[in-house]
Chemist: 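Right, I'll just put the structure down here and ask away after.
Computed from heavy atoms alone, side chains included, the values below leave out hydrogens, waters and symmetry copies. We count ligands from 1, going down the list as the structure has it; atoms in each ligand are counted the same way. Throughout, numbering of the chain's residues begins at 1 and tracks the sequence. Everything numeric in this text was worked out from a predicted model, so none of it was measured.
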Amino acid sequence: MKIPFVDLKAQLSPIRGDVMASIERVVSKCNFVMGEELAQFESEFAKFSGAQYAVGVSSGLDAIHLAVRALGIGPGDEVIVPAHTFIASALGVTMAGATPVFVDVNEDFLMDVNALERVITPKTKAILPVHLYGQMVDLEPVINLATKRGLAVIEDAAQAHGARKGARRAGAVGQLGCFSFYPGKNLGCYGDGGAVTTNSRELRDKLEALRNYGSTQKYHHPVIGFNCRLDTIQAAILSVKLPRLEGYNAARFQVASWYQDALRGLGDLILPEMPGEGRHVFHLYVVRTKKRDALLRYLQEHGVGAGIHYPVPMHLHGAYAHLGYRVGDFPVSERICSEILSLPIFPELTRDQVGTISKLVQDFFLK
Ligand SMILES: *Cc1c(COP(=O)(O)O)cnc(C)c1O
């Protein structure tokens with residue numbers, strides 16, 4: 001009996017009728033690009049996120065790319081990015097022509113806010129905290145520091161749709177929040193998609209121009225732009241799924257709680273922190289052990305789809321060799337990359353399946 005890492009089909013079956021009807025509606029109208037369903041989803045997603053505006057874009061990477069550009073950040077400027085994240089957090093900065101400057105993370109996998117001050121230079125223009133694995137960064141000290149030093153805060157919320165601290169949602173605290181709707185994300189569409197949230201009308205207007213050839217009015221192009229729009233069909237599908245997001249996130253939290261109870265106290269296994277429900281929306285459930293590679297092999301041999309997110313820290317990718325970082329520059333990130341293992345987590349994962357996986361992990365450590 002195999003247990004996949006994610007099971008998108010399990011999520012589709014109960015909403016299949018609604019999803020197909022939403023696609024049918026767009027196909028009938030043939031309003032494939034910038035149709036009314038896009039504007040509708042944008043307003044729903046803004047409301048959900050607690051931001052004034054949301055601008056649909058073509059991917060999470062382009063959300064970051066355009067967010068950096070909307071702030072007027074480009075060549076010669078620096079943006080601070082955690083060394084442990086998915087590569088797109090840094091690539092979005094690079095695509096805008098700016099330079100990512102890396103900073104280490106804490107043992108909780110999130111940006112080390114205390115290390116920020118040391119890497120700020122006169123070229124620094126923004127800080128880009130990543131709510132990695134679905135766990136919301138404590139943004140208060142980040143915002144305080146950014147305000148003091150005149151920097152912008154761009155949240156990478158691509159793994160944290162719906163995460164919140166108190167009443168404030170991921171993506172609505174900094175100047176800009178960047179989301180991905182890649183199929184496997186907490187809120188995913190049926191292809192590539194993304195959005196940027198903001199409370200600034202001016203930034204909203206800039207983003208709308210940047211995603212659409214730099215045009216504010218058809219065939220008038222005051223700025224250089226791109227073709228980075230969210231398809232109407234994807235927006236219509238997202239409108240079907242958005243009302244279910246809180247339920248999906250609650251189910252993920254439940255899965256994490258089951259793991260937490262079953263896996264406590266095994267060998268050198270370190271379990272993720274469980275901040276109050278809501279603060280963590282468990283895009284991934286990530287454990288740590290020095291025996292990571294052997295445990296991964298053991299689970300795969302027994303039909304469990306585990307994974308590593310991510311095996312290489314930002315500063316050691318060939319893509320960023322030109323920045324001149326070395327092994328040892330970000331010790332926590334480097335250690336984390338060699339010890340982390342993501343166990344299957346998705347809203348439809350059953351208690352029995354979590355039991356099967358947990359039993360395998362127990363057997364591995366107790367054998
Ligand atoms: C998925 C992801 C992105 C990029 O989103 P895409 O839609 O795949 O381009 C950016 N940052 C993080 C943290 C992600 O997990």
Side-chain angles (χ1 to χ4, degrees), residues 5-6 8 41 45 49 54-69 79-96 98 100 102-103 105 108-111 126-137 139 153-163 170-171 174 176-197 207 210-211 226-231 234-235 237-238 241 249 252 272 280-286 307-314 317 319-320 333 336-337 340 342 345-346:
F5 185 65
V6 286
L8 295 178
F41 171 69
F45 191 68
S49 305
V55 179
V57 296
S58 42
S59 70
L61 173 60
D62 279 315
I64 298 165
H65 166 211
L66 298 191
V68 174
R69 283 195 185 254
V79 176
I80 303 173
V81 177
H84 179 59
T85 179
F86 178 57
I87 188 82
S89 309
L91 286 179
V93 174
T94 304
M95 282 175 73
F102 300 120
V103 69
V105 296
D108 66 0
F109 309 121
L110 304 178
M111 176 183 257
I127 304 170
L128 195 146
V130 182
H131 306 300
L132 199 69
Y133 306 151
Q135 189 182 353
M136 201 169 162
V137 175
L139 289 172
V153 173
I154 305 168
E155 295 172 67
D156 181 341
Q159 302 189 355
H161 319 66
L176 295 154
C178 302
F179 291 87
S180 163
F181 303 125
Y182 180 80
K185 303 284 161 121
N186 290 40
L187 179 64
C189 60
Y190 289 5
D192 277 305
V196 185
T197 48
L207 289 162
L210 284 167
R211 74 168 170 188
F226 305 85
N227 179 346
C228 294
R229 301 169 298 217
L230 177 64
D231 287 342
Q234 301 299 350
I237 294 168
L238 287 162
K241 293 182 74 178
N249 283 344
R252 286 175 181 275
H280 201 325
V281 291
F282 283 98
H283 175 60
L284 294 171
Y285 182 85
V286 178
I308 301 170
H309 303 88
Y310 300 89
V312 181
M314 292 305 103
H317 282 289
Y320 287 119
S333 296
I336 281 173
C337 288
I340 45 175
S342 313
I345 190 164
F346 50 90

Chemist: In the structure I gave you, are the side-chain heavy atoms of Leu230 and Phe41 within less than 4.5 Å of one another anywhere?
Modeler: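 They are in side-chain contact.
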Chemist: What orientation do Phe109 and His84 show, parallel under 30°, tilted 30 to 60°, or perpendicular over 60°?
Modeler: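 Phe109 vs His84 ring planes: tilted.
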Chemist: Could you walk me through whether Tyr182 and Phe86 pass the ring pair (Phe, Tyr, Trp, His ring centres under 6.0 Å) check?
Modeler: CA-CA 13 Å; Tyr182 180 80; Phe86 178 57; 8.5 Å; no
Chemist: Below 30° counts as parallel, above 60° as perpendicular, anything between as tilted: where do the rings of Phe5 and His309 land?
Modeler: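 If you compare the ring of Phe5 with that of His309, the planes turn out parallel.
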Chemist: Thr94 and Tyr320: side-chain donor and acceptor closer than 3.5 Å?
Modeler: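 Judged by distance alone, the side chains do pair up.
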Chemist: Report each N/O pair between ligand 1 and the protein that falls under 3.5 Å, naming both atoms.
Modeler:
unit_1: ligand 1; atom_1: 5 (O); unit_2: Ser180; atom_2: OG; d: 3.3
unit_1: ligand 1; atom_1: 7 (O); unit_2: Gly60; atom_2: N; d: 2.7
unit_1: ligand 1; atom_1: 7 (O); unit_2: Ser180; atom_2: OG; d: 2.6
unit_1: ligand 1; atom_1: 9 (O); unit_2: Gly60; atom_2: N; d: 3.3
unit_1: ligand 1; atom_1: 9 (O); unit_2: Leu61; atom_2: N; d: 2.9
unit_1: ligand 1; atom_1: 11 (N); unit_2: Asp156; atom_2: OD1; d: 3.3
unit_1: ligand 1; atom_1: 11 (N); unit_2: Asp156; atom_2: OD2; d: 2.8
unit_1: ligand 1; atom_1: 15 (O); unit_2: Gln159; atom_2: NE2; d: 2.7
unit_1: ligand 1; atom_1: 15 (O); unit_2: Lys185; atom_2: NZ; d: 2.9

Chemist: For a side-chain contact (heavy atoms from CB on, under 4.5 Å) with Phe102, tell me which candidate from Ile80, Val81, Thr85 qualifies.
Modeler: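 Only one of Ile80, Val81, Thr85 forms a side-chain contact (heavy atoms from CB on, under 4.5 Å) with Phe102, namely Val81.
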